[in-house]
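First the proteins, then the strands, lettered A, B, ... as listed; each starts at 1.
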Amino acid sequence: MKIYQTFFFSRPTLIVARQLLGAFVVRRVGGREYWGRVVETEAYVGTKDKASHAHKGQTKRNAVMFGPPGYSYVYLVYGMHHLLNIVTGPPGYPAAVLIRACEPAFTERPSPARTYRFGTGGLAAITNAPRLASGPGKVGEYLRLTKKQNGLDVTAGRTLWFEKGYRLAGETIVRRPRIGVDYAQEYKDKLWRFYLKNNPCVSKL
DNA sequence: TATTGGATCGCC
DNA sequence: GCGATCCAATAG
């Protein structure tokens with residue numbers, strides 16, 4: 001397995017958002033591993049992006065966005081959902097990729113990693129649920145994230161990390177406007193949401 | 001110190 | 001369409 005390192009996340013955010021499609025996100029907690037293949041992302045880029053938490057400058061909540069790439073930015077929305085982002089771009093540049101949906105391990109298509117993971121993880125009992133992590137709030141729940149996971153170094157491979165995954169032929173990347181950012185004026189129509197075409201785990205069509 | 005509304009979800 | 005449910009951000 002190859003854990004993505006700082007260089008991977010240090011590249012421009014729109015690049016990273018696309019490159020994360022097909023990657024495995026892995027969460028180790030309570031003696032188990034919960035993991036899935038990322039199928040949907042969104043980019044939040046710089047202070048000019050009115051949809052981004054960084055738009056009005058650095059605050060206590062968004063501080064990790066202003067730090068080095070490769071760290072998790074986890075925050076609570078609507079009082080109940082923990083959303084997972086990974087800081088991207090050069091150190092100090094406030095940008096991140098939101099993980100909007102992933103394909104839970106048990107719905108994964110054939111790959112060498114499948115056998116390996118089922119041999120080591122604790123998810124074999126679960127059968128099939130393609131909608132289990134089909135939205136950013138559901139990803140947070142599936143991966144058992146809380147604010148304790150804010151500011152983690154995801155290149156260290158401890159409790160949360162990303163691995164090289166795969167993309168099938170035909171799984172082309174679809175670009176769409178981001179979800180839930182109607183307030184962002186000229187930034188609301190930016191095509192900064194990416195997902196794998198025809199994937200049943202994506203949050204919306 | 002008080003009010004507002006959100007990078008959502010699931011049910012009515 | 002709407003309520004849930006917390007808290008950061010902003011106004012007072």
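Between His81(A) and Tyr78(A), the ring planes are perpendicular. Angles over 60° get that label, and only those under 30° would be called parallel.
Separating the P atom of dA2(B) from that of dT5(C) is a span of 23 Å, rounded to the nearest Å. The same atom, C1', is picked in dG10(B) and in dC7(C); the two are 22 Å apart, to the nearest Å.
Partner assigned to dG6(B) is dC6(C), using Watson-Crick or G-U wobble distances below 3.5 angstrom.
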Leu83(A) and Val139(A): CA distance, side-chain angles, deciding distance, side-chain contact (heavy atoms from CB on, under 4.5 Å) verdict: CA-CA 7 Å; Leu83(A) 271 51; Val139(A) 167; over 6 Å; no

Evaluation steps, side-chain contact (heavy atoms from CB on, under 4.5 Å), between Tyr195(A) and Val39(A): CA-CA 5 Å; Tyr195(A) 61 83; Val39(A) 298; 5.8 Å; no

Arg193(A)/Arg175(A) under side-chain contact (heavy atoms from CB on, under 4.5 Å): CA gap, chis, key distance, verdict: CA-CA 6 Å; Arg193(A) 174 183 177 226; Arg175(A) 290 190 70 161; over 6 Å; no

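Counting 5' to 3', DNA chain B first comes under 4.0 angstrom of a heavy atom of chain A and last does so at the ends given by dG6(B) to dG10(B).
Residues Tyr75(A) and Tyr73(A) bring their aromatic ring centres within 6.0 Å.
Applying the 6.0 Å contact sphere to CD of Glu141(A) captures no more than 12 heavy atoms from other residues, nucleotides or ligands.
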Nucleotides 5-12 of chain C: protein proximity per nucleotide (B base, S sugar-phosphate only, - neither; heavy atom, under 4.0 Å): BBSSSS--

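Residues Thr172(A) and Arg167(A) come closest through the heavy atom pair CA-NH2, 4.4 Å.
Between Glu42(A) and Arg178(A), no side-chain nitrogen of the basic residue sits less than 4.0 Å from a carboxylate oxygen of the acidic one, so the salt-bridge criterion is not met.
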